[in-house]
Asks: 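Pasting in a structure now, in structure tokens, and then I'll have a few things to ask.
Below, read A as the first sequence line, B as the second, and so on, with proteins coming before strands; counting in each chain starts at 1.
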Protein chains: 2
Amino acid sequence: MSTENKILDSIASSKNNKPHCGTCSLSSLCLPIALQANDLDALDQVIKRGRPIQKGEMLFKQGDDFNAVFAIRTGAVKSFTVARSGEEQITGFHLASELVGLSGYAEDVYPLSAKALETTTVCELPLDKLEVLCDEIPGLRKQIMRNMSGEIRQDQQMMLQLSKKSADERLAYFLLELSGRFERRGFSAKAFRLAMSRVDISNYLGLAVETVSRIFTRFQKNGLIATEGKEITLLNLDELNNLTGNPSLNAQCDSQ
Amino acid sequence: MSTENKILDSIASSKNNKPHCGTCSLSSLCLPIALQANDLDALDQVIKRGRPIQKGEMLFKQGDDFNAVFAIRTGAVKSFTVARSGEEQITGFHLASELVGLSGYAEDVYPLSAKALETTTVCELPLDKLEVLCDEIPGLRKQIMRNMSGEIRQDQQMMLQLSKKSADERLAYFLLELSGRFERRGFSAKAFRLAMSRVDISNYLGLAVETVSRIFTRFQKNGLIATEGKEITLLNLDELNNLTGNPSLNAQCDSQ
DNA sequence: GAGCTACCTTGATCTGTGTCAATATTTCTA
DNA sequence: TAGAAATATTGACACAGATCAAGGTAGCTC
């Protein structure tokens, strides 16, 4: 820890405040640490900004050489694996300001594919540049490790959901988990847009589409949510939370 | 925490090159990189060797301060989360030469607990020492990141199993996955001992114990496996592999 | 704005696996 | 080594959710 700060401090010598890659500087990602302004500049030089990615386009494919991590600026992405049998398993949805592609570290190839759910802009962080920077900015590497570690935790939570919970519990969990992610990024925790289709949701949750659809309908009948196509409003966070059977996912629910 | 540091300090001050914890130097862990000999010496100084841990004892508990990563020398460990409702979800089994505790990086506390399945010896890698070392040996940090990344990949594979596969497929997958881990560590891929109980297996796979028991029986009737209590022999790797519906888990099966 | 396509909803039925219950086996303890 | 406790097996039955089938609806393109 102290090592970290020492190096950070030592780096903090020359700085300027030039605006960089807009919302996608690493400081606005899931990297809660406060980096120095000049660190940010260094990072911004590494960021490769590509054209917007259209709905359905791939960020990277399973088996591609692992050469970059992606930070999502706007839009949404799903990541998924394709089994030999051809079936697709969605392993996660990634929203604005989140990182995709970290699992490539294990074997120098991406173990999964990532596809845009809607028009999406990303910042590409080429691996070689990132490596060099990580050696210069210890805080950065730590944050990336935190990110990976957080992903492990999240996946393990998901394993619990998938293996132990009923369809109702899974969907309630899914909605609250999304809600929390929006809230943490300054958006409404109650009203948001589901970038993914019902099929994607059902795939992710290990359910049939029909089941997901039925539960959406029932939740709506019971006054838990309101839907209008892809727009959704969570009307009763408390009750949804009870449904999950998990420790509260949403701070707002605790206080009510 | 303070206890920990006291112990660490005493270790740091009285260090020499006395033969250390045998099989558990980091080079023999899941860390395939070839480190320099003097790096290994540095690592060995960090390794804290504890007394053997008895069956049922905890390595660390959910919520404990994250202050060490553990490398298993002999024995086996299960890691699991406990939901508010009290239910336990096993997130993984860890065999000799594997690391446990990396997911603590995310929030400075362990998000799960780890308990010995049998008498187990571990090497404790105190975090602060490891941090310093990682700054000195860049290859080490990379290996730890690979490890984390690999865990993500493994968990995501497990999500696929849990959400899409039948009970038969899950158990076949479980057995082959274990088999592969034994094989990679130089043990027989076909005959090994299941350190975990049927209840643990069923919990991990998201099934009822009865279901697991029935499938073991049926696999045996069909000549796929032979069991004698906790000892198990895989008689037909090919067929087991077919059952999983996944890309081959076991090299031996590919070549047959 | 007609027609096409992809997506979503709802109903009827079927089935894999959970649950409950009883017994058998192994492991521990004294 | 006996007796107790934990763990494993086997059977009967029920139900959550899959599957099959049939519309309905939204978002395209021309």
Asks: Between B:I201 (CD1) and D:dT9 (C1'), how many Å, whole number?
Replies: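 After rounding, the gap between these two atoms is 14 Å.
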Asks: Quick one, A:Q89 with B:S163, criterion side-chain hydrogen bond (donor to acceptor under 3.5 Å, both in side chains). Give me CA distance, side-chain angles, the key distance, then yes/no.
Replies: CA-CA 9 Å; A:Q89 167 65 32; B:S163 68; 2.9 Å; yes
Asks: Under 4.0 Å between a side-chain N/O of A:T211 and OP1 or OP2 of D:dA16, yes or no?
Replies: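 So the side chain of A:T211 is outside the cut-off, no N or O lying under 4.0 Å from OP1 or OP2 of D:dA16.
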Asks: If we check side-chain contact (heavy atoms from CB on, under 4.5 Å) with B:K78, which of these qualifies: B:N203, B:D200, B:V100?
Replies: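 Exactly one pass, corresponding to B:D200.
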Asks: For B:V199, answer base if it contacts any base atom (sugar-phosphate contacts may also be present), sugar-phosphate if it contacts only those atoms, and nothing otherwise; contact means non-hydrogen atoms under 4.0 Å.
Replies: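 The answer is sugar-phosphate, as B:V199 gets under 4.0 Å only of primed atoms, P, OP1 or OP2.
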Asks: Quick check for you: among D:dT19, D:dG17, D:dA12, whose closest atom lies nearest to any side-chain atom of A:A208?
Replies: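 When the side chain of A:A208 is considered, D:dT19 is the closest of D:dT19, D:dG17, D:dA12.
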Asks: Please determine whether any donor N or O and acceptor N or O are separated by less than 3.5 Å between the side chain of A:R214 and the base of C:dG11.
Replies: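 Indeed there is one.
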Asks: Calculate the interatomic distance between A:I215 atom CD1 and C:dT10 atom P; express it in whole Å.
Replies: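 The distance from CD1 of A:I215 to P of C:dT10 comes to 13 Å, rounded to the nearest Å.
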Asks: Could you tell me whether the phosphate oxygens of C:dC8, OP1 or OP2, come under 4.0 Å of any side-chain nitrogen or oxygen in A:K230?
Replies: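 Yes.
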Asks: Measure from the side-chain heavy atoms of B:T217 and tell me the nearest of C:dG11, D:dT9, D:dA18.
Replies: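 Among the listed nucleotides, the one closest to the side chain of B:T217 is D:dT9.
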Asks: Can you tell me how far P of C:dG18 sits from CG of B:D168, to the nearest Å?
Replies: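 Between P of C:dG18 and CG of B:D168: 12 Å.
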Asks: Is there a side-chain contact between B:S197 and the phosphate of D:dA6, meaning an N or O under 4.0 Å from OP1 or OP2?
Replies: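 Answer is no, no contact under 4.0 Å.
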Asks: Relative to the 5' end of DNA chain C, which residue comes earlier, B:K55 or B:R170, by the nucleotide with the nearest heavy atom?
Replies: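 With B:K55 and B:R170 compared, the 5'-side residue is B:R170.
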Asks: Exactly one of B:Y105, B:F80, B:F66 should register a ring pair (Phe, Tyr, Trp, His ring centres under 6.0 Å) with B:Y110. Which one does?
Replies: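 When ring pair (Phe, Tyr, Trp, His ring centres under 6.0 Å) is applied between B:Y110 and each of B:Y105, B:F80, B:F66, only B:F66 qualifies.
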Asks: Using whole Å, what does the distance between atom P of nucleotide C:dT17 and atom CZ of B:F216 come to?
Replies: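 Distance, rounded to whole Å: 16 Å.
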Asks: Do the side-chain N or O atoms of B:R198 get closer than 4.0 angstrom to the phosphate oxygens (OP1, OP2) of D:dT9?
Replies: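 Yes, because at least one side-chain N or O of B:R198 sits under 4.0 Å from OP1 or OP2 of D:dT9.
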Asks: B:R218 CZ to C:dT17 P: how many Å, rounded?
Replies: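 Answer to the nearest Å: 9 Å.
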Asks: Scan residues 222-235 of chain B for pairs that pass side-chain hydrogen bond (donor to acceptor under 3.5 Å, both in side chains), counting only residues two or more places apart or in two chains.
Replies: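 side-chain hydrogen bond (donor to acceptor under 3.5 Å, both in side chains) check on residues 222-235 of chain B returns B:Q220-B:T227.
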Asks: If you check the A:E210 side chain, which of D:dT10, D:dG17, D:dA21 turns out closest?
Replies: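 The answer is D:dA21, which lies nearest to the side chain.
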Asks: How long is the line joining CG of B:L205 and P of C:dT17, in whole Å?
Replies: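 It works out to 12 Å between those atoms.
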Asks: Report, as yes or no, whether the 6.0 Å neighbourhood of atom CZ on A:F187 holds more than 12 heavy atoms from other residues, nucleotides or ligands.
Replies: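 No, the 6.0 Å shell around CZ holds no more than 12 heavy atoms from other groups.
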Asks: Specify the separation, in whole Å, of atom CG of A:L207 and atom P of C:dC8.
Replies: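 These atoms are roughly 15 Å apart.
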Asks: For the pair made of CG in B:D200 and C1' in D:dT7, what is the distance, rounded to whole Å?
Replies: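 That distance rounds to 11 Å.
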